[in-house]
Number of protein chains: 2
Amino acid sequence: MKPNTISEPNINVALKEIQDFSKIAVSVDCVIFGYDGKNLNVLVLESDMDPYKSQWSLIGDLVSPDEDLDQAALRILRERVGFTDVYLEQVKSFGSLTRHPLGRVITVSYYSLISKVDHMPSAVLPLPAKWVNVYDIKKMAFDHKEILDAALDRLRKRVRYIPIGFNLLDPEFTLSQLQNLYESILNQTLDKRNFRKKITAMDFLTDCHKFQQEVAHRPAKLYKFDIEKYHALEASGFVFEL
Amino acid sequence: MKPNTISEPNINVALKEIQDFSKIAVSVDCVIFGYDGKNLNVLVLESDMDPYKSQWSLIGDLVSPDEDLDQAALRILRERVGFTDVYLEQVKSFGSLTRHPLGRVITVSYYSLISKVDHMPSAVLPLPAKWVNVYDIKKMAFDHKEILDAALDRLRKRVRYIPIGFNLLDPEFTLSQLQNLYESILNQTLDKRNFRKKITAMDFLTDCHKFQQEVAHRPAKLYKFDIEKYHALEASGFVFEL
DNA sequence: TTATATTTGTGTGAAATCAACACTAACGCA
DNA sequence: TGCGTTAGTGTTGATTTCACACAAATATAA
């Protein structure tokens with residue numbers, strides 16, 4: 001643990017030539033989560049690239065020199081699958097030497113949350129893209145399973161401390177739908193009464209004064225997530241925790 | 001929210017030319033935390049680069065084509081400051097277009113935890129490097145303040161759920177030292193009795209049967225962190241939480 | 001040798017939170 | 001009209017959290 005000397009200047013201290021651009025490409029890969037009212041899904045493509053032909057891959061692309069990372073992720077979501085205004089969060093970067101068969105590609109992973117999955121069945125999506133139940137995916141192309149796992153892990157942590165789950169639901173939803181969503185993400189069952197107590201105790205759900213239609217059972221009340229109320233609460237020290 | 005078509009193949013699906021290597025360089029920046037028994041410090045260099053001359057910068061370097069990201073971070077720690085065997089964790093990547101004056105550089109940030117800071121006073125370190133109290137840093141070169149904040153944020157979250165704080169202490173430490181460390185990291189005071197109750201209740205501290213020497217007050221018992229005991233507990237379902 | 005300054009080390013009780021649990025209500029449908 | 005299905009609602013005991021004060025051990029200075 002004896003410190004050396006600083007021999008050469010480094011990139012943060014003084015000039016260093018970065019002309020050769022180090023022969024590393026940078027990409028962004030998006031883990032797009034969607035919820036169909038029943039299961040947590042992820043949007044995948046079928047890879048055409050050897051040696052991963054016909055395995056699922058995430059949706060990604062190279063970062064172009066004139067866009068930052070978030071912009072690249074948003075562009076990918078827009079260009080590849082037509083999603084705009086989605087919740088987006090960077091997860092981490094993957095840089096194994098052999099992770100991409102075409103060469104050295106470091107990828108920055110993001111996850112995003114999409115609502116109304118049921119309104120976008122795979123038929124409407126560009127052909128090879130498909131919603132797949134997260135828990136059915138055992139293997140993917142490249143290191144994408146590892147990326148998916150990291151994103152899911154992150155989502156599970158986040159979802160308990162910030163109210164982002166609502167991004168996966170329709171604007172108006174029932175408490176049971178919300179609970180099911182949480183159960184899908186956390187992969188565990190929750191107690192109905194305790195869940196409702198907790199959620200309604202924090203005061204950012206608005207009663208829509210409407211009920212579910214056309215269900216073959218007692219219809220449930222519809223609620224909306226009131227983001228302004230939430231921000232007000234947050235500002236006065238309240239922290240969301242599930 | 002209408003999906004487009006997938007017009008061209010992308011990097012995950014089929015061949016795409018990545019010859020031009022997108023003129024993006026990739027660097028790693030390390031937020032090196034150290035604890036001097038009193039304050040949480042971070043190791044910084046004085047930047048020589050305009051327009052950030054004489055401002056503090058983190059310790060970083062370009063990623064070379066034949067090393068992965070973790071290797072690059074470890075190399076930087078070894079080459080620049082002589083640290084080996086340190087706790088290291090990736091935080092996130094920063095890719096603003098204008099973040100580096102020399103051109104487009106995307107950086108992957110890491111933080112690491114160093115013990116025995118008091119045994120490596122700045123005199124022994126390569127000249128421009130210096131330990132600075134984290135809470136005294138208001139401004140840094142590049143976007144490094146933002147990187148520092150992200151790393152500190154991550155450390156604060158991690159330290160409550162995994163016992164990594166011990167990396168910042170000598171192998172043998174007192175409970176008060178441990179508590180002070182947590183107070184420095186979390187930037188809040190903790191109740192002595194409750195802290196000790198919690199820590200000793202989880203059974204991975206070993207009594208060294210030794211006491212502090214040469215202190216002008218009642219000497220405290222020394223403890224060791226028993227990582228094997230911790231792993232055993234962890235395996236049987238125990239989760240560290242502070 | 002004695003007093004002082006400093007830090008260590010220890011337990012209890014009140015309040016808040018968590019976890020487990022079961023029945024009636026409302027609707028569509030046969 | 002009865003059946004199947006999901007919605008909606010409170011209580012209690014167990015657990016966890018939080019606040020809080022004083023005697024013991026050492027070095028140092030008088």
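Chain A is the first sequence line, chain B the second, and so forth, proteins listed ahead of strands; every chain is numbered from 1.
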Indicate for each nucleotide in nucleotides 23-30 of chain D, in 5' to 3' sequence, whether protein heavy atoms under 4.0 Å reach the base (B), only the sugar-phosphate (S), or nothing (-). -BBBS---

[X] side chain to [Y] backbone, donor-acceptor under 3.5 Å:
| X | Y | answer |
| --- | --- | --- |
| A/Tyr35 | A/Leu181 | yes |
| A/Asp226 | A/Lys229 | yes |
| A/Asp191 | A/Asn194 | yes |

Carboxylate-amine/guanidinium proximity below 4.0 Å for [X] and [Y]:
| X | Y | answer |
| --- | --- | --- |
| A/Arg160 | A/Glu241 | no |
| B/Asp29 | B/Arg99 | yes |
| B/Lys210 | B/Glu172 | yes |

Without decimals, in angstroms, what is the distance between [X] [atom1] and [N] [atom2]?
| X | N | atom1 | atom2 | value |
| --- | --- | --- | --- | --- |
| B/Lys210 | C/dT8 | NZ | P | 18 Å |
| B/Phe195 | C/dG9 | CZ | P | 13 Å |
| B/Gln213 | C/dT7 | CD | C1' | 16 Å |
| A/Leu190 | D/dA7 | CG | P | 14 Å |
| A/Arg160 | C/dC18 | CZ | P | 10 Å |
| A/Lys198 | D/dG10 | NZ | C1' | 17 Å |
| B/Gln179 | C/dT7 | CD | C1' | 12 Å |
| A/Glu241 | C/dC18 | CD | C1' | 12 Å |

B/Tyr111 pairs by side-chain hydrogen bond (donor to acceptor under 3.5 Å, both in side chains) with which of B/Glu89, B/Arg158, B/Gln90, B/Arg154? B/Glu89

Please determine, for the side chain of B/Ser176, which listed nucleotide (D/dG10, C/dT8, D/dA7) has the closest atom? C/dT8

Side chain of B/Arg196 only, heavy atoms from C-beta on: which candidate in D/dC18, C/dG9, D/dT11 is closest? C/dG9

Regarding A/Lys221, tell me which of base, sugar-phosphate or nothing describes its non-hydrogen contacts under 4.0 Å with the strands shown. sugar-phosphate

Is the base of D/dA7 touched by the side chain of A/Arg193 through a donor-acceptor pair closer than 3.5 angstrom? no

Between A/Asp191 and B/Asn194, the residue closer to the 5' end of DNA chain C by nearest nucleotide is B/Asn194

